[in-house]
Amino acid sequence: SQTIHQWPATLVQPVGSPLSLECTVEGTSNPNLYWYRQAAGRGLQLLFYSVGIGQISSEVPQNLSASRPQDRQFILSSKKLLLSDSGFYLCAWSVKGATGSEQYFGPGTRLTVT
Amino acid sequence: KNQVEQSPQSLIILEGKNCTLQCNYTVSPFSNLRWYKQDTGRGPVSLTIMTFSENTKSNGRYTATLDADTKQSSLHITASQLSDSASYICVVSSGGSYIPTFGRGTSLIVHP
């Protein structure tokens, strides 16, 4: 069966510090991968998605970046965090090549920028 | 522009009561519609999925309906339980796109 992991589960970082969140998927190959952010009481905002290694599409211009160094690894980074980067970050995967397929979400990372 | 609107934004009900959540969408071309349940501090989990030809789908006490003509869906929860307290998110996928459109969710609180 497929599983998706995210870490860390919670993170408190000062403004201006770097960020690295990691997501890995097990039990499937060539998945589509997604990063979402959810602000308190708000809906999910798509940040990045990837349909293959090294292929990253950005949906929202910001100080965040994403990379996919391996087929089932997706990393969200920032060189300098802003207060507005606080939120709940969710990684998700879906079946490769299948548009409209179900997205499976990870447990999330709660980021607080102080 | 593809959009998904959910109502109400929040809802409080007593344990054992039924409730219905609404979802209106303007997504084209339509592929499928999902309802997700998101517990606080957790990732969303899919409850039901409906394609164009389906108008009802059940998952235990959860029943989703779809009217593709009016582009409306509802999620009916029967005999609510405290564990139903969560955010319920309507998600519509468009044919040919890897990016689904998310509603902002309905926050449901079930009180004993």
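Residue B:R34 comes nearest to A:E102 through the heavy atom pair NH2-N, 2.7 Å, listed as atom of the first residue, atom of the second, then distance. Nearest heavy-atom pair across B:G41 and A:R110 is CA-NH2, 4.3 Å. Closest of all the heavy-atom pairs between A:L44 and B:P44 is CD2-CG, 4.4 Å.
Hydrophobic cluster membership differs between A:I75 and A:L111, with clusters built from Ile, Leu, Val, Met, Phe, Trp and Tyr side chains linked at under 4.5 angstrom. Hydrophobic clustering (ILVMFWY, side-chain heavy atoms < 4.5 Å, transitive): B:V27 and B:I49 are in distinct clusters. Placement of B:Y62 and B:Y36 in two distinct hydrophobic clusters is found when ILVMFWY residues are connected by side-chain heavy-atom separations under 4.5 Å, directly or transitively. Under the 4.5 Å side-chain heavy-atom criterion for ILVMFWY residues, no single connected hydrophobic cluster contains both B:L21 and B:L14. By the criterion of side-chain heavy atoms lying less than 4.5 angstrom apart, applied directly or through intervening Ile, Leu, Val, Met, Phe, Trp or Tyr residues, A:Y89 is grouped together with A:I4 in one hydrophobic cluster.
For a residue to count as touching a neighbouring chain, one of its non-hydrogen atoms must lie under 4.5 Å from one of that chain's; by this rule A:Q103 touches chain B with backbone and side chain alike.
Considering only heavy-atom pairs separated by less than 4.5 Å from chain A, the leading option among B:P100, B:S87, B:G105 is B:P100.
At a threshold of 4.5 Å between non-hydrogen side-chain atoms, the residues B:V45 and A:Y104 do not count as touching.
Note that CZ of B:R104 and CD of A:Q38 are 10.5 Å apart. Values are rounded to the nearest 0.5 Å. Atom CZ in A:F88 sits 6.5 Å away from atom CD in B:Q38 (nearest 0.5 Å).
Using cut-offs of 30° and 60° on the angle between ring planes, the pair A:F105 and B:F102 is perpendicular.
Surrounding CZ of A:R42 are at most 12 heavy atoms belonging to other residues, nucleotides or ligands under 6.0 Å away.
The main-chain N or O of B:Y98 is found under 3.5 Å from a side-chain atom of A:Y34 such that the two form a donor-acceptor pair.
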